[in-house]
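Here is the structure we will look at.
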Number of protein chains: 2
Amino acid sequence: MGKNRSVPTLNDVAKAAGVSTATVSRCLNSPDQVIEATRQRVMQAVESLGYTPNFAAQVMAARRSFTIGAIIPTMDNAIFARGLQEFQNQLRESGYTLLVSSSAYDPEVEREQIRTLVARGADGLLLIGHARDAEIYEYLERHQVPSVVAWSYDPEAQRPSVGFSNADAMRELARSVISAGHRRIAMISGITQGNDRAQGRVVGVQQAMAEFGLEASALTLIETAYEIDKGAEAFRRLMALAPRPTVVMCGNDVLAAGALREARRLEIQVPEQVSVTGFDDIELAEIVSPALTTVHVPHREMGRKAACELTAMVEGKSEGRSICINIRVVNRHSLAKPPCQS
Amino acid sequence: MGKNRSVPTLNDVAKAAGVSTATVSRCLNSPDQVIEATRQRVMQAVESLGYTPNFAAQVMAARRSFTIGAIIPTMDNAIFARGLQEFQNQLRESGYTLLVSSSAYDPEVEREQIRTLVARGADGLLLIGHARDAEIYEYLERHQVPSVVAWSYDPEAQRPSVGFSNADAMRELARSVISAGHRRIAMISGITQGNDRAQGRVVGVQQAMAEFGLEASALTLIETAYEIDKGAEAFRRLMALAPRPTVVMCGNDVLAAGALREARRLEIQVPEQVSVTGFDDIELAEIVSPALTTVHVPHREMGRKAACELTAMVEGKSEGRSICINIRVVNRHSLAKPPCQS
DNA sequence: AATCTATTTGTAAGCGCTTACATTGATAAT
DNA sequence: ATTATCAATGTAAGCGCTTACAAATAGATT
């Protein structure tokens, strides 16, 4: 209760142990430089005072924080949550702490948070996707903060990235769709503005269509936020079209789940009357009915590899390589041949 | 490219603007204490040097960080993700930054992360649930870091909490279940060890049963981690029992989704042959079929209110009140009367 | 015994910022 | 004209730590 037993400092510990602050610091940071007896005395003092180092002071003096920052578009999507969890686990093993903040898909917010994290002494940063002002990268460079981009893969890009080509992945899925006989294709995409992953997925569909000699006009595209309700709404609009598309390819599983929910409400049979596909293969994909045909992305693996690469960069062991993650199409029940009278 | 244009400091700005560091600091932190002309000159310099204050130094000098920390059990659950997103939004409005870390339901990790966040200068902390060593609270007290507990409500507790009574909520749902005629009740609970929310939910079911004069033995209880697969597995075990329970109350929607998935696999009709209930009312609840009868928890509201309360405490405007959030049972289709030959 | 070397510890200079206090100059009150 | 008052700015003392360098001690080498 007494105000005098407030937060103890290095100095207090030093006094209590009868040594200099340097020795205490060494006990904590490089114990083998200190003789056993001294160390014990110091640790005692640390213990009995309940000392915890002041992080800000440490960062300032050592110019190193053992902290990695991550800025993700939203926490409210299992794919990031899952990958990040693994990212964090991996970091912990290497002695780093992860700090996460979410930008709510707003570039302005993201940029502010990047600054915050850097100012806070983050040794490295995990970013999602490449689309971002050059100015930000310059800022990172100036502050000498390494970064890796995840959930996206682009060997051409300046930054190292860990992920996969969204276009390639979606193209592969689109090929199955077209091979199954679909010709009137609709896509419910996420907002492509400032989101290279969403853009890539659209491009993938377009490429596959071109391969099969379909005209671009055969694709009906709706862009909407990655939310269940939005997916449902978009699906409703699509079903009001005449002629109806025979397949609705969704930008991710969440949108697809919304589509499926709406289909049930409208009493449209999936996949008998219309097929639906997703992307990501989150748990949801297996739970909805019919289970979604989708693209499986190994989010955890991605998180782990991103962590390895980033720590290597922070420790000067890597210049920053890009790593490509393998994805695969998962066939479940939401994709079938188009109805006969197509 | 030159190494000389490395990170600029307050001092550099001061020189460039021909003022003292104090004036620069004031321009940035309390601009109205500085005359217009000077301010412009300083801001110019800030701009052209691309200056960003060093956070660690700021924290250290000002002993204030405008940072709030949150430690959640896992990012991998929509209920926390959602509430936190709102928590963060609210904090932003008041000028605070949120730092999140997840403890993976491990008290040891949680405690370490609390220390990390405090050492990092967090002005306040958001914690989930009450169950936690007294030592941790002492630590927070000593460091004078206010905290609020969310996703739990206990007016008796020392700490202010923002949430609801898990026991009351589950009791209400259990009453509906029993009123519908169920007598052989099973529950798939989350791990109760060190988790007051999970404990409360079990207690709620037991209380309702007692109210209706049912013996404790009429309840079959399985504890398992909050994962879809675990829910499925538990459901399978329950269905292997003879006699089978007529209803499976799940500790949350995720477990319930797992149960439903397994029911489909086993070709057990829900709710005709067995009823299933959830808890939380995440989006999932509406998407699965049949849609879940569950308890609706306004996670966003909780996040928002927790943020308000916590910032008030940080700013010395509140001593820490507890706030009770209203929940309600949502009747959808997964709960019905037990089959006749019960 | 004198010198060298290696190990352990101490000394003290920052790290980049904030802020109490002192100073200055201008304006208002006498 | 003199003094009191106030706003704008400067001075400098830290905040709590790390670390280069210096000092002291103890063996090893000659």
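Side-chain atoms are counted along with the backbone in the values below, which use heavy atoms only and exclude waters and symmetry mates. Throughout, protein chains are lettered first and strands after them, A, B, ... in sequence-line order, and every chain is numbered starting at 1.
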[X] [atom1] to [N] [atom2]: how many Å, rounded?
X	N	atom1	atom2	value
D12(B)	dC17(C)	CG	C1'	13 Å
I35(B)	dA7(D)	CD1	P	12 Å
R120(B)	dG16(D)	CZ	C1'	16 Å
E36(A)	dT7(C)	CD	P	17 Å
F55(B)	dC15(D)	CZ	C1'	14 Å
K15(A)	dT11(C)	NZ	P	13 Å
N29(B)	dT19(C)	CG	P	7 Å
Q58(A)	dC17(D)	CD	P	7 Å

Does OP1 or OP2 of [N] have a side-chain N or O of [X] closer than 4.0 Å?
X	N	result
T9(B)	dG16(C)	no
T21(A)	dG16(D)	no
N54(A)	dC15(D)	no
R63(B)	dG16(D)	yes
Q33(A)	dT7(C)	no
S25(A)	dC17(D)	no
N11(A)	dC17(D)	no

Would you compute the distance between atom OH of Y96(B) and atom CG of D123(B) and round it to the nearest 0.5 angstrom?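 Separation between the atoms: 6.0 Å.
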What is the distance from atom NZ of K305(B) to atom CZ of R321(B), rounded to the nearest 0.5 Å?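 K305(B) atom NZ to R321(B) atom CZ measures 9.0 Å (nearest 0.5 Å).
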Measure from the side chain of A22(B), starting at C-beta and using heavy atoms only, and say which of dG10(C), dT18(D), dA12(D) lies closest. dA12(D)
So which nucleotide from dT18(C), dG10(C), dT9(C) ends up closest to the side chain of T38(A)? dT9(C)
According to the interplanar angle, ranging from 0 to 90°, do the rings of H299(A) and W151(A) count as parallel (below 30°), tilted (30 to 60°) or perpendicular (above 60°)?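 Judged by the thresholds at 30° and 60°, the geometry between H299(A) and W151(A) is parallel.
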Crowding at CD, Q193(B) (>12 non-hydrogen neighbours, <6.0 Å): no
What's V19(A) touching, base or sugar-phosphate or nothing? Going by heavy atoms closer than 4.0 Å.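 The residue V19(A) makes sugar-phosphate contact but no base contact.
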State, to 0.1 Å, how close L98(A) and A70(A) come at their nearest heavy-atom pair, and which atoms those are. CD1-CB, 3.9 Å
When you match R41(B) and A57(A) each to their closest nucleotide on DNA chain D, which lands nearer the 5' end? R41(B)
Is it the case that dG10(D) (base atoms only) and R26(B) (side chain only) share a donor and an acceptor within less than 3.5 Å, ignoring hydrogens and angles? yes
